[in-house]
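Working notes, structure below.
Just so it is clear, the values below take in all heavy atoms, side chains as well, and ignore hydrogens, waters and symmetry mates.
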Amino acid sequence: QVQLVESGGGLVQAGGSLRLSCAASGRSFSVNVMAWFRQAPGKEREFVAAISRIGGSTVYADSVKGRFTISRDNAKNTVYLQMNSLKPEDTAVYYCAAAMGYVGVPSYRERNIYDYWGQGTQVTVSS
């Protein structure tokens with residue numbers, strides 16, 4: 001089992017920044033890929049960014065590319081999402097996810113590769 005706990009959400013004005021953190025515990029040493037997804041009210045949960053444990057390969061959704069940066073500290077079993085130039089459309093609950101299996105980088109966007117999910121943290125961007 002892997003437990004994921006997100007933190008760092010909040011209310012920010014458009015153009016501002018936030019940094020989300022996701023701390024993994026349990027069998028976190030077996031996690032291969034960690035990712036962030038988000039879900040706005042009335043919408044499907046969508047992929048935001050992902051990073052591999054080995055090599056640090058990253059993938060971003062087009063909507064956040066150039067504004068968000070995902071990183072990880074393997075020693076702390078923590079993944080971060082630095083969000084800059086935030087827009088009202090970034091408002092959502094942000095979820096951390098962990099995948100145990102080895103998959104190709106193109107698959108990082110797919111929800112079904114992730115085995116564990118956090119409870120989510122709310123991010124609200126005011127205009």
Side-chain angles (χ1 to χ4, degrees):
Q1 289 285 340
V2 175
Q3 293 79 42
L4 302 173
V5 178
E6 302 101 333
S7 61
L11 173 65
V12 64
Q13 288 188 330
S17 300
L18 281 175
R19 188 176 85 152
L20 305 183
S21 299
C22 173
S25 60
R27 289 180 57 216
S28 57
F29 56 89
S30 296
V31 172
N32 178 36
V33 182
M34 293 190 75
W36 290 96
F37 285 74
R38 67 186 182 186
Q39 188 167 17
K43 294 189 176 181
E44 295 279 327
R45 191 171 298 189
E46 66 174 3
F47 171 78
V48 176
I51 187 167
S52 64
R53 176 180 177 85
I54 299 174
S57 297
T58 57
V59 180
Y60 294 93
D62 289 344
S63 58
V64 306
K65 202 172 294 183
R67 300 188 297 123
F68 291 11
T69 302
I70 190 170
S71 61
R72 67 189 296 169
D73 184 334
N74 287 340
K76 295 182 178 180
N77 295 318
T78 300
V79 65
Y80 304 97
L81 185 68
Q82 178 66 45
M83 305 186 295
N84 298 329
S85 302
L86 283 161
K87 305 175 181 180
E89 51 263 44
D90 294 317
T91 295
V93 177
Y94 283 69
Y95 296 91
C96 178
M100 310 301 277
Y102 286 91
V103 296
V105 171
S107 296
Y108 289 6
R109 301 172 183 269
E110 300 174 16
R111 285 179 56 181
N112 61 7
I113 74 161
Y114 295 95
D115 303 290
Y116 299 98
W117 294 82
Q119 293 299 306
T121 185
Q122 176 71 45
V123 171
T124 303
V125 184
S126 63
S127 57

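In terms of heavy atoms, Ser85 sits closest to Ser17 at N-OG, 4.4 Å. The nearest pair of heavy atoms linking Arg38 to Ala92 is CB-CB, 3.8 Å. Nearest approach of Val48 to Val64, heavy atoms of both residues: O-CG2, 3.6 Å. Considering every non-hydrogen atom in both Val33 and Ala50, the closest pair reads CG1-CB, 4.1 Å. Closest heavy-atom contact between Leu20 and Gly9: CD2-N, 3.6 Å. The minimum heavy-atom distance linking Cys22 with Met34 is given by the pair SG-CE, 3.9 Å.
No option in Tyr108, Trp117, Tyr94, Tyr95 other than Trp117 meets the ring pair (Phe, Tyr, Trp, His ring centres under 6.0 Å) test with Phe37.
Val125 and Leu18 fall within the same hydrophobic cluster, where Ile, Leu, Val, Met, Phe, Trp and Tyr residues are linked whenever their side-chain heavy atoms come under 4.5 Å apart, directly or through other members. Transitive grouping of hydrophobic side chains (ILVMFWY, heavy atoms separated by less than 4.5 Å) brings Val105 and Ile113 into a common cluster. Side-chain heavy atoms closer than 4.5 Å link hydrophobic residues (I, L, V, M, F, W, Y) into clusters, and following such links, even through other members, never connects Tyr80 to Val2. Linking ILVMFWY side-chain heavy atoms closer than 4.5 Å, directly or via other members, places Phe68 and Val12 in a single hydrophobic cluster. No continuous path of ILVMFWY side-chain contacts below 4.5 Å connects Leu81 to Val59, so the two sit in separate hydrophobic clusters.
Thr91 has its side chain within reach of Gln122: a pair of non-hydrogen atoms, C-beta onward, lies under 4.5 Å apart. Side-chain contact between Lys76 and Ser21 is absent, with no heavy-atom pair separated by less than 4.5 Å. The closest side-chain heavy-atom distance from Met100 to Val31 is below 4.5 Å.
How far CH2 of Trp36 is from CZ of Phe47: 12.5 Å, rounded to the nearest 0.5 Å. The OG1 atom of Thr58 sits 11.5 Å away from the CZ atom of Arg72 when rounded to the nearest 0.5 Å. The OG atom of Ser30 sits 12.0 Å away from the CD atom of Gln1 when rounded to the nearest 0.5 Å. Here the CD1-OG distance, from Ile70 to Ser52, works out to 9.5 Å after rounding to the nearest 0.5 Å.
Formation of a donor-acceptor pair under 3.5 Å by the Tyr114 side chain with backbone atoms of Cys96 is not found in this model. For the pair Glu6 (side chain) and Gln119 (backbone), a donor-acceptor distance under 3.5 Å is present. Looking at Arg67, its side chain never comes within 3.5 Å of a backbone N or O of Gln82 through a donor-acceptor pair. Within the 3.5 Å criterion, the main-chain N or O of Ala23 finds no donor-acceptor partner in the side chain of Asn77.
Using a 4.0 Å cut-off between charged side-chain N and carboxylate O, Asp90 and Lys87 make no salt bridge.
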